[in-house]
Amino acid sequence: MATTLDCPDAIQGFHNENDTCTLSECETHYVPQVPSTVQCQEGEWTDVETKTPVVDTPQCIPANMTCAKEDLPTPLNMAEMQCNASMLVAGISNKYLGGTVCKIQCKQGYQVPHGKETIQCRGGAWSLPSDCDMIYTSGVLITGGGGSAGTTTEVYLPSTNTSCPLGYLPDSRSGHTQTTMADNSVVICGHRKSCLKFSPSSSTSSSVWTEYATMVYGRCSSTSWLSSEGLIIIAGQGDIESDTTTEKVPGGGLQFSLGKTYQSACAIADQNTDSVILTGGRYTPKNVDRYNLQGHMERLPDIQERSQHACGSYMSGGNMVLLVSGGWSSSAVGVLSSTEKLVIGHGQSAWSQTAELPRALFNMPSVNFDNKVMILGGYDRVNRLARTEILTFNSETSRWTVTGYMQTGRSCHGASLVSIPANICG
C-alpha cells in the first residue's frame, strides 16, 4: 500500500514538539483515515482541528472493507447519524465504503464532546462513538413566597429571558433562606424548623425536594451564608434566641453570636475574605456589619434605614461594590425605591445613592448573574400585589431595567443561581 504522508519537519524519522504530518494521498482503492492531519504535542499525536489525542499518524484504509448501515452505532440521546450517501457502495443501499465519515446529531438540549462529533468506517467496522451529553446552563431557581405561591417553584433562564414552572415543595415556605451549595444542590431553610434539599440532574423534572436538616431554632426572615466550612443560617424571627444567633446546617449546632438583634436583614457573602456582610434589618435598620466564622470583624458605613430589602455585590475595577435596594423603612417613608452602593477597599466613607427602582418594593431576593445584580419580584404596596418582573442593575448606566418575568408574582420568596439543563423549559 503506497501512501503520501508528509512530515516536513521530521529529522531522520524523529519528530519534535509541534511537528505536523498530513496524509495527502492514498493508493487506488484506499481512502485516508480521519483525521488526516496530526501534530506532535507533549509526546503524542493530536488531531490538529479538535486538539484530541490519536493513536498514530493517519493511515490509508481499504475502501473495499465496507461497513453495514444497520451496524451504525446509536449513542445515548442521539437524534440521528448523518452519513454521506455518496459513500454507499454502488448498487448496494446498506453498505458504506471504508473511510466513510458519519456525523452524530444529538437531541435538543444535548451535545457531543468537542472533537468527538464523528465516527468512521475503518477495517470493516464503525469506530466507537461518544454519547450525547446534556447541555447545562445557568438558571435562577425560585421557590415559595407568600400566599398561593408558597408551595410552587420555577426556573428563570437569563440567557434566553424565559421562565417555566418546576414542580412543588412538600410544604409551603415564605421568609426562608435559599442557598446553592458547592455541589450544585439547593438548600432552603426557615418558615419551619426544617431545611429541604433539591439536586438538579439530567432528569430535573422528576427530581424531588428531600429533608436535609433540622435547625436548633425555628427561624423566619433569616438569611444565609455559604462559608468555607459550610452553610450558616443567620438570625431571624422564631425562638427566643433566634435573632441573635447563627447555626451551621446540617448538624453543626450554634456558631458565632451576632451581639445584636437581627431580623429581616440581608447578607452579602465576601468569598475573598471568607466573611459575610449583614445590611439593615428590623432592629438594625442602618447597620452594616462584617462577620467571619469567629464573630464580628468590623462595622462599615451606615445605610439609609431599611429592612426586608434586596442586596448584592458585583466587581468593578478590581473592587467589590455592595448594593442595597428597596425595602421597608419604619420612618414616614414606608416602602423604598432607593438604591445605595459602597465600593469596598476604595476608601469610600459613605454609601452613595444610585438608580431608583421602577417602583417601591420590599420582601424580594436578589442573585448575581454575569457580574450583574438581579432582583426578582417583591411586594408592591401601592398596587397591593406581588410582582413578576425581574430587574437587572446595569452598573455602567446606573439603571434598573426589566429583563424578564417570573411565572408567578412573588414576595418573601427564595432565589439562587444554579446549573440546570438548558432544555428545562422546552
Side-chain angles (χ1 to χ4, degrees), residues 137-158 162-181 183-201 203-215 218-226 231 233-234 236-238 249-250 264 266-267 269 308 310-312 361-369 374-379 386-391 404-421 424-425:
T137 189
S138 293
V140 184
L141 181 61
I142 305 160
T143 63
S148 61
T151 59
T152 65
T153 69
E154 60 180 281
V155 64
Y156 168 69
L157 304 178
T162 55
S163 61
C164 58
L166 200 65
Y168 294 88
L169 299 170
D171 50 53
S172 181
R173 300 275 170 153
S174 66
H176 55 286
T177 69
Q178 180 171 323
T179 311
T180 298
M181 308 294 281
D183 64 357
N184 196 46
S185 63
V186 177
V187 174
I188 62 175
C189 296
H191 184 81
R192 288 171 168 77
K193 210 170 182 178
S194 64
C195 298
L196 301 175
K197 182 178 181 179
F198 177 81
S199 298
S201 66
S203 56
T204 301
S205 59
S206 63
S207 297
V208 295
W209 291 87
T210 57
E211 290 284 339
Y212 179 65
T214 299
M215 295 185 289
R219 299 178 188 270
C220 184
S221 301
S222 53
T223 190
S224 62
W225 166 41
L226 186 58
L231 178 59
I233 308 301
I234 302 172
Q237 297 171 267
V249 295
S264 302
C266 190
Q308 299 166 270
C311 66
L361 294 169
F362 69 111
N363 283 335
M364 65 284 199
S366 69
V367 298
N368 183 301
F369 173 74
M374 288 182 171
I375 288 177
L376 299 97
Y379 194 77
R387 308 295 305 194
T388 61
E389 293 92 341
I390 297 171
L391 305 171
Y405 295 87
M406 297 185 293
Q407 295 283 302
T408 303
R410 299 177 190 268
S411 65
C412 299
H413 51 298
S416 64
L417 205 63
V418 66
S419 180
I420 204 157
I424 193 67
C425 291

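The main-chain N or O of Ser163 is found under 3.5 Å from a side-chain atom of Gln407 such that the two form a donor-acceptor pair. Side chain of Arg410 to main chain of Thr143: no donor-acceptor pair is present (N/O by atom type, distance under 3.5 Å, no hydrogens or angles). Of the possible donor and acceptor atoms, none in the side chain of His191 sits under 3.5 Å from a partner among the backbone N and O of Gly175. Looking at Ser411, its side chain never comes within 3.5 Å of a backbone N or O of Ala386 through a donor-acceptor pair. When atom types are taken as modelled, the side chain of Thr153 and the backbone of Leu166 share a donor-acceptor pair closer than 3.5 angstrom. Although no hydrogens or angles enter the test, the distance criterion places no donor-acceptor pair under 3.5 Å between the side chain of Thr388 and the main chain of Met406. Proximity of a side-chain donor or acceptor of Arg173 to a complementary backbone N or O of Gly190 within less than 3.5 Å is detected.
When every heavy atom of Gln178 is checked against every heavy atom of Leu141, the shortest pair comes out as NE2-O, 2.8 Å. In this structure, Thr180 and Leu417 approach most closely via the heavy-atom pair OG1-O, 2.7 Å. Scanning both residues, Ile234 and Ser222, for their nearest heavy atoms gives O-CB, 3.2 Å. When all heavy atoms are compared, the tightest approach of Thr223 to Cys266 is OG1-C, 4.4 Å. Residues Ser174 and Cys220 approach most closely at O-SG, 3.9 Å, considering heavy atoms. The minimum heavy-atom distance linking Met181 with Leu231 is given by the pair CE-CB, 4.0 Å.
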Problem set entry | Steps toward side-chain hydrogen bond (donor to acceptor under 3.5 Å, both in side chains) verdict (Thr408, Thr152) | CA-CA 9 Å; Thr408 303; Thr152 65; 4.8 Å; no

Exercise. Step by step, would you call Leu157 with Ile420 a side chain to side chain contact (heavy atoms under 4.5 Å, CB included)?
Worked result: CA-CA 9 Å; Leu157 304 178; Ile420 204 157; 3.9 Å; yes

For this session: Could you check Trp209 against Val186 for side chain to side chain contact (heavy atoms under 4.5 Å, CB included), going step by step and ending with a plain yes or no?
Result: CA-CA 9 Å; Trp209 291 87; Val186 177; 4.1 Å; yes

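Contact annotation: the side chain of Ser194 approaches that of Glu211 to within less than 4.5 Å [non-hydrogen atoms, C-beta and beyond]. You'll find the side chain of Gln308 stays beyond 4.5 Å of the side chain of Tyr379, heavy atoms only. Between Asp171 and Leu196, the closest side-chain pair of non-hydrogen atoms falls below 4.5 Å. Two residues are said to be in side-chain contact when any heavy atoms from C-beta on lie closer than 4.5 Å; Asn184 and Ser199 fail this criterion.
Atom NE2 in His176 sits 11.0 Å away from atom SG in Cys195 (nearest 0.5 Å). Once rounded to the nearest 0.5 Å, the distance linking NZ of Lys193 with OG1 of Thr214 reads 8.0 Å. The CD1 atom of Ile233 lies 4.0 Å from the OG1 atom of Thr177; values are rounded to the nearest 0.5 Å. Atom OG of residue Ser366 and atom CD1 of residue Ile390 lie 12.5 Å apart, to the nearest 0.5 angstrom. A distance of 11.0 Å separates OH in Tyr156 from SG in Cys425, rounded to the nearest 0.5 Å. Expressed to the nearest 0.5 Å, how far CG of Leu169 lies from OG1 of Thr151 amounts to 6.5 Å.
Counted within 6.0 Å of CZ on Phe369, heavy atoms from surrounding residues, nucleotides or ligands total more than 12; the atom is thus considered enclosed.
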